[in-house]
Number of protein chains: 2
Amino acid sequence: MAGTRTHTYSHYTRQAIRLLGVLVRTGRLERRMTARELSERAGISRDMLYRIEKGDPRVQLGAAFEVAAIVGVPLFETEHGLLEARLHAARDRLALLPGAVRKSPGKVKDDF
Amino acid sequence: MAGTRTHTYSHYTRQAIRLLGVLVRTGRLERRMTARELSERAGISRDMLYRIEKGDPRVQLGAAFEVAAIVGVPLFETEHGLLEARLHAARDRLALLPGAVRKSPGKVKDDF
DNA sequence: ATAATTTGTCTTATACAAAAGACATCAGGC
DNA sequence: GCCTGATGTCTTTTGTATAAGACAAATTAT
């Protein structure tokens, strides 16, 4: 089935989402945009923007990031031009890692 | 209707989402976790984790942040303990702004 | 090389998120 | 203190994202 969430979100996750919402709202008000304006510009409903600003974890990642970008909340604390460089660097780093994780009989060297 | 997205995402948004995916994958491999392990721990399907790592904008914000938190990708470049402080600070700042935006005849002091 | 596991990717069914709209309340400017 | 527009919040409808499962291709360890 869809969305069968038995797990709850971690405290950290919930706070991060709330922070994103507050930052979006702050950015919007500072730019003196109404909720309707911003939602239209982002291509979402006002209700969804409302939920993003409120910190609802169930909104689409793309929608949340898009409004954040519009009102100037820097994702990954990185401004527009530099994101590309970070992406490349991250990919280079990823390329060094094995493509599959093999659970050898030995140890589950899982984090502590 | 649901999800009627006429708008495309900005380049910045798409890159940010891809970066998140790469960071998650990198974090997972570095910790030697299989996709199944991580998805179970996060309470999502393996398919959804696959899409998060691939950079699909349509995944749930909460799911994406949760796996990121589990594999140690610092959201907002802020470690766990400090997120709370940032949230409070952001709220204080928000409290200083007007509660509603009034479109006075003047100008939309929108971003440059 | 071989065996076994992991990953990439689709498909299907269904629960649920998103849009739209409505309304009350609230806040800002006059 | 009004008026007007903005915001908080529900409800209903409908499209779609999600989980689950399946399979092939890839990858790792032996």
Side-chain angles (χ1 to χ4, degrees), chain A residues 1-7 9 17 21-22 24-26 28-67 94-110, chain B residues 1-7 9 17 21-22 24-26 28-64 66-67 94-109:
Chain A
M1 346 80 186
T4 300
R5 181 156 200 88
T6 162
H7 243 252
Y9 295 106
I17 291 173
V22 172
V24 164
R25 172 170 255 265
T26 300
R28 175 173 72 80
L29 293 176
E30 282 178 348
R31 293 175 182 239
R32 296 186 51 67
M33 296 175 77
T34 66
R36 178 164 304 288
E37 278 178 336
L38 178 54
S39 65
E40 278 175 2
R41 197 145 141 190
I44 62 176
S45 69
R46 186 172 70 91
D47 189 61
M48 184 151 156
L49 173 59
Y50 165 66
R51 269 155 44 222
I52 291 171
E53 290 188 348
K54 193 133 176 256
D56 189 327
R58 296 166 308 182
V59 300
Q60 287 199 1
L61 177 62
F65 274 24
E66 184 77 10
V67 294
L94 176 59
L96 300 177
L97 293 171
V101 172
R102 182 108 325 202
K103 286 315 207 182
S104 51
K107 283 273 59 43
V108 184
K109 182 253 171 190
D110 205 342
Chain B
M1 342 93 191
T4 299
R5 180 157 201 87
T6 164
H7 243 252
Y9 295 106
I17 291 172
V22 173
V24 164
R25 172 169 255 265
T26 301
R28 174 173 72 80
L29 293 177
E30 282 177 348
R31 295 178 179 235
R32 295 188 51 69
M33 295 176 77
T34 67
R36 177 163 305 286
E37 278 178 336
L38 177 54
S39 65
E40 277 174 4
R41 197 145 142 191
I44 62 176
S45 67
R46 187 172 69 91
D47 189 63
M48 185 153 156
L49 173 60
Y50 165 67
R51 268 155 45 223
I52 291 170
E53 292 187 348
K54 193 137 176 250
D56 190 327
R58 297 168 307 183
V59 301
Q60 286 197 4
L61 177 62
E66 185 75 10
V67 293
L94 177 58
L96 300 177
L97 292 171
V101 172
R102 183 86 3 176
K103 284 319 210 179
S104 49
K107 272 275 71 22
V108 184
K109 182 255 174 189

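Order of the sequence lines fixes the chain letters, A, B, ..., with proteins taken first and strands second; residue numbering starts at 1 for each chain.
Rounding to whole angstrom units, CZ of residue B:Arg32 and C1' of D:dT27 are separated by 13 Å. As rounded to whole Å, 11 Å separates atom P of D:dT28 from atom CG of A:Leu97. The interatomic distance linking B:Ile44 (CD1) with C:dA15 (C1') rounds to 17 Å, in whole Å. If you take CG of B:Leu61 and P of D:dA17, they are 16 Å apart, rounded to a whole angstrom. Straight-line distance from the CZ atom of B:Arg51 to the C1' atom of D:dA20: 13 Å, rounded to whole Å. As rounded to whole Å, 14 Å separates atom P of D:dT9 from atom CG of A:Leu49. Rounded to a whole Å, the CG atom of A:Leu38 is 10 Å from the P atom of D:dT7. For A:Asp47 and C:dC16, the CG to C1' distance is 14 Å, given to the nearest whole Å.
No donor-acceptor pair closer than 3.5 Å links the side chain of B:His7 to the backbone N or O of A:Ile44.
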Between N or O atoms, less than 3.5 Å apart, protein on one side and nucleotides 6-8 of chain C on the other: list the pairs.
unit_1: C:dT7; atom_1: OP1; unit_2: B:Arg28; atom_2: NH1; d: 2.8
unit_1: C:dT7; atom_1: OP2; unit_2: B:Ala35; atom_2: N; d: 2.9
unit_1: C:dG8; atom_1: OP1; unit_2: B:Arg25; atom_2: NH2; d: 2.9
unit_1: C:dG8; atom_1: OP2; unit_2: B:Arg25; atom_2: NH2; d: 3.2
unit_1: C:dG8; atom_1: N7; unit_2: B:Arg46; atom_2: NH1; d: 3.4
unit_1: C:dG8; atom_1: O6; unit_2: B:Arg46; atom_2: NH2; d: 2.7

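Between B:Lys54 and A:Ser45, the residue anchored nearer the 5' end of DNA chain C, judged by the nucleotide with its closest heavy atom, is B:Lys54.
Here A:Asp56 pairs with A:Arg58 in a salt bridge; the nearest charged N to carboxylate O distance falls below 4.0 Å.
The shortest side-chain heavy-atom distance between A:Val24 and A:Leu49 falls under the 4.5 Å cut-off.
Residues A:Val67 and A:Ala42 approach most closely at CG1-CB, 3.5 Å, considering heavy atoms.
In the set C:dT9, C:dG28, D:dT28, the nucleotide with an atom closest to the side chain of B:Pro98 is C:dG28. Checking C:dA17, C:dG29, C:dA18 against every side-chain atom of A:Met48, the shortest atom distance belongs to C:dA18.
The distance from the CZ atom of B:Arg51 to the CD1 atom of B:Ile17 is 12.5 Å, given to the nearest 0.5 Å.
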Exercise for review: Show the numbers, then the answer: is there a side chain to side chain contact (heavy atoms under 4.5 Å, CB included) between B:Glu30 and A:Leu97?
Suggested key: CA-CA 7 Å; B:Glu30 282 177 348; A:Leu97 293 171; 3.8 Å; yes

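Of the listed residues (A:Glu66, A:Arg28, A:Arg25), just one forms a side-chain contact (heavy atoms from CB on, under 4.5 Å) with A:Leu38, and that residue is A:Arg28.
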